[in-house]
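In what follows, a structure is listed as structure tokens, so that the remarks can point back to it.
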Amino acid sequence: KNFGAGIYLNLSNYNLIENNTCILNEAGIHLNFSNNNIIKNNVCNSNEKFGIHLMGNSSNNVVVNNVCNSNGEIGINLQYFCNNNSLTKNTCIWNKMTNINIEGSSYNELLYNSLSMSARGISLIGENTLGNRVNWNNIEGHKLGISEEPVNVNAIFNWWGDPSGPYHPTKNPNGLGDIVFDYADFDPWSKEPITNAPTLPRVLVGNLSICPRRVEIGQPITISVTLKNTKETKSIYEIRLSINGTIAAQKNVTLAPKETKVVSFEVMEKREGVYEVNIGDVFGIFWVEKVVRPTKIKTITVPIDYPTIQE
């Protein structure tokens, strides 16, 4: 847990970053001007901005089999001349803005990733964003499957959440999957989920809310998450709230097929400190402070005829 990155590489090449858990940082893993690295089997959840962030000419890296969920902005972010990177078999769920963002970067491959439950599945931005491939991914449950920016992209053979394919107002108006725009070449699409991509959990957990985040001792805090049943059958999910590594509460929640439900807990703490919250694979923090009581002001009555110093 850091104010910067959990793991930071600058001008550093041919490294292996593997099997790390990076939570509650500004970015889980950050590469700057770093090439030919392997980022593998890491969990980068609940960071302030990014799960994994490549920027500034970080090229020819392999980003494989990582989990980047519930980050404050983007799951995996490639920004400014990050070219020829391979993003394969990563899971990105419930990142606030975009699951994968490619900005001013070219000739990257996005293959066999599973993306769900964010505002955008994939964003491609900028004039220098050319020649990227988005193939054989599961992209579902977004407001936009691929952003509307004027960047051409090869996006064939993806699963868009429904056998009818993605929705496009003229090219596929009967599509019931995620929305795509003119710049994405999406046809043909897969009529079933991509089996080589990571399988989504039976129940997704995200959208952690802690309100308020800063309280005085004894004041209540409401902690809530959103659950999403990904299956076509009813699911019963045991949700556990942990505070500082100890289970504070739990509930059994029944979810109808494909149902989304918000579940809340109310907690109070009797000691000041910083408390770490964990539900499923999402994390957060709240602060408890001492009760500060105002100093009682004494009132002194001075008679009108009380002598002054001058007198």
Side-chain angles (χ1 to χ4, degrees), residues 27 30-33 49-61 63 68 71-88 90 92-162 164-191 194 197:
H30 185 157
L31 272 61
N32 191 46
F33 293 98
K49 291 186 177 180
F50 313 118
I52 296 173
H53 187 197
L54 277 60
M55 71 174 298
N57 290 286
S58 292
S59 298
N60 298 302
N61 298 287
V63 181
C68 299
N71 294 287
E73 294 185 8
I74 298 167
I76 301 175
N77 189 29
L78 276 59
Q79 198 170 23
Y80 308 139
F81 306 105
C82 294
N83 304 324
N84 297 298
N85 296 287
S86 174
L87 278 58
T88 307
N90 301 288
C92 297
I93 301 170
W94 246 314
N95 296 288
K96 191 170 184 179
M97 293 171 56
T98 303
N99 274 320
I100 296 179
N101 182 64
I102 299 177
E103 182 176 355
S105 300
S106 299
Y107 304 106
N108 299 284
E109 292 186 339
L110 281 63
L111 309 176
Y112 303 108
N113 301 286
S114 286
L115 315 177
S116 187
M117 300 303 292
S118 299
R120 289 173 170 82
I122 298 170
S123 294
L124 297 108
I125 305 169
E127 294 180 358
N128 294 316
T129 301
L130 307 169
N132 297 287
R133 291 180 54 205
V134 179
N135 307 129
W136 298 290
N137 302 281
N138 291 325
I139 306 169
E140 56 185 309
H142 307 92
K143 293 180 180 178
L144 293 177
I146 292 184
S147 66
E148 68 275 25
E149 301 291 336
V151 175
N152 294 315
V153 60
N154 173 352
I156 60 175
F157 303 130
N158 295 295
W159 165 253
W160 300 95
D162 192 88
S164 62
Y167 172 79
H168 186 282
T170 58
K171 296 179 181 178
N172 195 34
N174 296 319
L176 299 176
D178 284 10
I179 297 172
V180 296
F181 286 88
D182 288 338
Y183 301 97
D185 181 11
F186 61 85
D187 191 0
W189 59 83
S190 176
K191 291 180 171 55
I194 305 299

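The shown structure was predicted, so the numbers you read here are calculated from the model rather than taken from an experiment. As a basis for the values below, the full set of heavy atoms in this structure was taken, side chains included, without hydrogen atoms, waters or symmetry mates. Sequential numbering from 1 along the given sequence is applied to the chain's residues.
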Check: [Y] and [X] side chains under 4.5 Å, non-hydrogen atoms:
X      : Y      : answer
Pro150 : Tyr183 : yes
Val134 : Ile139 : yes
Phe186 : Trp160 : yes
Lys143 : Arg120 : no
Glu73  : Lys96  : no
Val63  : Thr88  : no
His142 : Leu115 : yes
Ile100 : Leu87  : yes

Point-to-point distance, once rounded to the nearest 0.5 Å, from [atom1] of [X] to [atom2] of [Y]:
X      : Y      : atom1 : atom2 : result
Ile102 : Ile122 : CD1   : CD1   : 7.0 Å
Asn83  : Ser59  : CG    : OG    : 4.5 Å
Met117 : Ile93  : CE    : CD1   : 9.0 Å

Would Ile146 and Leu124 satisfy side-chain contact (heavy atoms from CB on, under 4.5 Å), going step by step from the backbone distance to the final call?
CA-CA 8 Å; Ile146 292 184; Leu124 297 108; 3.8 Å; yes
Donor-acceptor contact below 3.5 Å, side chain [X] vs main chain [Y]:
X      : Y      : result
Asn71  : Met97  : no
Ser105 : Thr129 : no
Asn84  : Asn108 : no

How would you list all residue pairs meeting salt bridge (charged side-chain N to carboxylate O under 4.0 Å, His left out) that involve residues 165-184, not counting sequence neighbours?
none
Looking only at heavy atoms, which two atoms of [X] and [Y] are closest? And how far apart?
X      : Y      : answer
Trp159 : Glu140 : NE1-OE2, 3.5 Å
Asn95  : Thr98  : CB-O, 3.6 Å
Phe33  : Ser58  : N-OG, 3.1 Å
Asn132 : Tyr107 : OD1-N, 3.3 Å
Cys82  : Gly56  : SG-N, 3.9 Å
Ser147 : Ser123 : OG-CA, 3.4 Å

Begin from the C-alpha positions of Ile52 and Phe50 and carry the test side-chain contact (heavy atoms from CB on, under 4.5 Å) through to its verdict.
CA-CA 6 Å; Ile52 296 173; Phe50 313 118; over 6 Å; no
Taking it one step at a time, do Asn61 and Leu31 satisfy side-chain contact (heavy atoms from CB on, under 4.5 Å)?
CA-CA 10 Å; Asn61 298 287; Leu31 272 61; 3.8 Å; yes
Kindly assign one of parallel, tilted or perpendicular to the pair Tyr112 and Trp136, based on the angle between their ring planes and the thresholds 30° and 60°.
parallel
Listed by chain and number, what are the side chain to side chain contact (heavy atoms under 4.5 Å, CB included) partners of Asn135, not counting sequence neighbours?
Leu111, Arg133, Asn154, Ile156
Only one of Asn138, Asn113, Asn137 passes side chain to side chain donor-acceptor pair (under 3.5 Å) with Asn158; say which it is.
Asn137
CA sep, side-chain torsions, deciding dist, call: Leu78, Asn101, side-chain contact (heavy atoms from CB on, under 4.5 Å)
CA-CA 6 Å; Leu78 276 59; Asn101 182 64; over 6 Å; no
Greater than 12 external heavy atoms within 6.0 Å of Phe81's CZ
no
Go through the side-chain N and O atoms of Asn99 and Ser118 and say whether any donor and acceptor fall under 3.5 Å apart.
yes
Quick one: list whatever passes side-chain hydrogen bond (donor to acceptor under 3.5 Å, both in side chains) with Ser116, sequence neighbours left out.
none
